[in-house]
Amino acid sequence: LTRKTFKGGVHPPDNKASSRGAAIEDAPVPDLVVVTMGQHLGAPAKPVVAVGDGVKRGQVIGEAAGFISSNVHSPVSGRVVRVEPAPHPLGKPVTAVAIENDRADAAVDGYGLPVRWEGMSAGEICAKILAMGVVGMGGATFPTHVKLAPPKDRPPIDTVVINGAECEPYLTSDFRLMVENPGGIVEGLRIILKATGAPRALVGIEANKPEAIEALARAASGLSGVSVEEVPVRYPQGGEKQLIKTLLGREVPSGGLPLDVGVVVQNVGTACAIADAVAWGRPLTDRIVTVAGAVERPANYRTRIGVPAGALLERSNLKPSARKIIFGGPMMGLAQYTSEVAVTKSTSGILALDEVDSSPARGCIRCGKCVEGCPSGLVPSMLSVLGEAGRFIQMGEWDAADCIECGVCAYVCPAKRPIVHYIKRGKEALRQARAKGAAK
Ligand code: SF4
Ligand code: SF4
């Protein structure tokens with residue numbers, strides 16, 4: 001059976017072989033964790049602890065500061081030693097709470113105790129998810145409680161999509177989670193179905209992960225309305241809009257969201273975090289992180305948030321030849337200037353690279369490769385030229401806001417133009433201009 005898929009995309013080398021066999025292992029928890037308040041899209045959380053305070057594992061240390069925001073919890077028990085700006089994976093420092101770990105792991109009441117959630121209403125489930133700090137763990141970190149409660153004027157959600165595509169090269173954290181804890185993902189899926197009222201769910205997994213497809217299919221067997229689907233290997237198959245197109249043939253409109261076509265998409269890691277939060281009283285304070293690339297021992301770590309990247313890289317024996325550290329994968333990941341930057345809820349991987357292409361960018365030769373490859377149907381060449389010239393407002397007319405920052409255009413560009421960099425700057429400038437009413 002050949003399934004139709006989205007337009008555009010590429011087939012970069014997947015480079016997953018080095019870590020896909022690495023079973024999830026618990027990373028040691030250091031003496032000091034530095035937990036940023038910017039764990040999610042939207043307003044950073046507001047710190048609610050002060051220097052000198054004792055905290056327990058799972059205690060709220062940052063409260064959601066607005067509608068698009070989320071709570072942040074302590075990943076250890078210990079004492080708060082600093083509340084101040086610290087390095088953040090997105091670049092600019094953000095307020096963080098540094099906690100000295102007392103190694104007692106004393107947790108808040110109810111932590112890890114089973115909860116009978118079946119009797120909870122949709123509103124109660126969403127409130128629990130907000131309280132427990134669950135955000136999208138596939139990269140976008142959109143607060144999950146907002147995604148599960150669409151505005152009343154939208155069509156009802158008829159399908160939940162669980163995203164197990166993991167199309168980024170090198171990353172295998174979702175793969176290991178699917179193979180090792182399919183039951184947790186399915187429990188999360190049942191909670192999502194209850195919260196959204198959707199009658200059916202599709203789990204989309206790329207064809208290069210047969211063990212994951214089998215594990216999920218077994219765990220979901222007997223659940224009515226749930227089916228596990230193999231999807232073609234093609235980057236960025238894991239983009240929400242691309243996965244919806246592949247699985248359902250539905251086109252999310254320009255400027256729109258999955259809920260505009262009756263769909264909610266949740267990553268497999270998020271589904272598991274929902275189960276932990278709602279069914280087991282465990283706030284989101286850890287996640288699986290792939291460490292790969294220029295390391296002697298590629299691995300998949302279960303690590304607490306707030307652990308510095310350097311500690312995980314050291315445990316994997318970072319090679320002296322490593323020249324660049326990336327949070328995420330090579331297509332969408334972000335280069336880091338310090339290994340002090342700590343793991344957040346969205347850190348799916350830490351990649352060390354020893355080969356860095358430093359050839360200079362040239363002018364566009366109008367080869368059209370970026371246009372052919374763009375999965376969002378944009379004209380990246382034009383966007384890059386406008387961005388380079390600082391004509392950000394005009395980028396809006398070329399639908400810059402629809403760019404999913406997948407990196408395909410920059411990957412295929414023979415002139416090595418930093419297209420995504422220009423588009424990101426343009427999107428930010430547009431957002432600010434729109435907020436001031438200076439652009440449409
Ligand atoms: S313009 Fe955006 S969506 Fe299109 S290929 Fe480039 S990064 Fe991807
Ligand atoms: S791929 Fe690069 S050189 Fe080719 S049209 Fe796009 S921006 Fe221009």
Side-chain angles (χ1 to χ4, degrees), residues 5-14 41 90-91 136 138-142 163 165-169 171 206 232-246 250-258 260 265 326-335 346 348 357-431:
T5 186
F6 60 93
K7 282 202 202 90
V10 279
H11 287 106
D14 85 356
L41 199 82
L90 289 181
T141 62
F142 197 80
N163 190 348
E166 199 172 51
C167 57
E168 260 282 354
L171 303 187
E206 277 194 341
V233 178
R234 187 169 188 79
Y235 183 86
Q237 187 64 262
E240 288 194 337
K241 296 180 181 181
Q242 287 64 37
L243 194 56
I244 290 171
K245 175 74 181 162
T246 303
R250 295 182 195 169
E251 205 76 64
V252 178
S254 167
L257 294 168
D260 293 318
V265 184
I326 291 178
F327 264 37
M331 298 296 286
M332 288 191 77
L334 295 167
S346 72
S348 46
D357 183 358
S358 52
S359 52
R362 299 186 303 273
C364 171
I365 57 167
R366 300 181 184 219
C367 65
K369 285 191 174 152
C370 57
V371 181
E372 213 175 289
C374 178
S376 302
L378 305 179
V379 185
S381 48
M382 179 54 97
L383 288 167
S384 82
V385 170
L386 291 172
E388 199 172 13
R391 287 155 68 184
F392 299 128
I393 303 299
Q394 225 175 321
M395 289 173 81
E397 292 160 22
W398 290 82
D399 296 325
D402 281 339
C403 169
I404 60 167
E405 299 173 15
C406 68
V408 165
C409 50
Y411 177 78
V412 297
C413 178
K416 307 268 175 240
R417 293 178 61 71
I419 309 176
V420 192
H421 169 75
Y422 290 135
I423 297 179
K424 280 184 183 174
R425 279 181 52 194
K427 280 167 77 174
E428 184 50 37
L430 260 175
R431 227 187 330 261

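Sequence positions, counted from 1, serve as the residue numbers for this chain. In listed order, ligands and their atoms are each counted from 1.
Taking atom 4 (Fe) of ligand 1 as the reference point, the nearest protein heavy-atom neighbour is C374 SG, 2.3 Å. If you check which protein heavy atom lies closest to atom 2 (Fe) of ligand 1, you get C403 SG, 2.3 Å. For atom 8 (Fe) of ligand 1, the closest heavy atom belonging to the protein is C406 SG, 2.4 Å. The nearest protein atom to atom 1 (S) of ligand 1, hydrogens excluded, is given as I423 CD1, 3.6 Å; this is a heavy-atom distance.
With sequence neighbours excluded, the residues satisfying side-chain hydrogen bond (donor to acceptor under 3.5 Å, both in side chains) with K416 are D357.
Of the possible donor and acceptor atoms, none in the side chain of R234 sits under 3.5 Å from a partner among the backbone N and O of E206. Looking at Y235, its side chain never comes within 3.5 Å of a backbone N or O of P169 through a donor-acceptor pair.
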Does the pair I404 and Q242 meet the rule for a side-chain contact (heavy atoms from CB on, under 4.5 Å), with working shown?
CA-CA 10 Å; I404 60 167; Q242 287 64 37; 3.5 Å; yes

Test side-chain contact (heavy atoms from CB on, under 4.5 Å) on S381 and C370; report intermediate values, then the result.
CA-CA 7 Å; S381 48; C370 57; 3.8 Å; yes

Show the numbers, then the answer: is there a side-chain hydrogen bond (donor to acceptor under 3.5 Å, both in side chains) between S384 and R417?
CA-CA 8 Å; S384 82; R417 293 178 61 71; 3.2 Å; yes

Quick one, I419 with C413, criterion side-chain contact (heavy atoms from CB on, under 4.5 Å). Give me CA distance, side-chain angles, the key distance, then yes/no.
CA-CA 9 Å; I419 309 176; C413 178; 4.2 Å; yes

E372 vs K369, test: salt bridge (Lys or Arg N to Asp or Glu O under 4.0 Å). Steps then yes/no.
CA-CA 5 Å; E372 213 175 289; K369 285 191 174 152; over 6 Å; no

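Within ligand 1, counting atoms from 1 as listed, the ones closer than 4.0 Å to a heavy atom of G407 are 7 (S), 8 (Fe). Numbered from 1 in the order shown, with element, the atoms of ligand 1 that lie under 4.0 Å from a heavy atom of E405 read 2 (Fe), 7 (S). The ligand atoms of ligand 2 that sit less than 4.0 angstrom from a heavy atom of P414 are 1 (S). Atom numbering of ligand 1 starts at 1 in the shown order; those under 4.0 Å from a heavy atom of P375 are 5 (S).
Protein N/O/S atoms found under 2.8 Å from atom 6 (Fe) of ligand 2: C370 SG.
Within the structure, side-chain hydrogen bond (donor to acceptor under 3.5 Å, both in side chains) pairs that include any residue of residues 406-415 do not occur (at least two apart or interchain). For residues 390-408, every residue pair satisfying the side-chain hydrogen bond (donor to acceptor under 3.5 Å, both in side chains) rule, not counting sequence neighbours, is listed here: S254-D402, R391-Q394, E405-K427.
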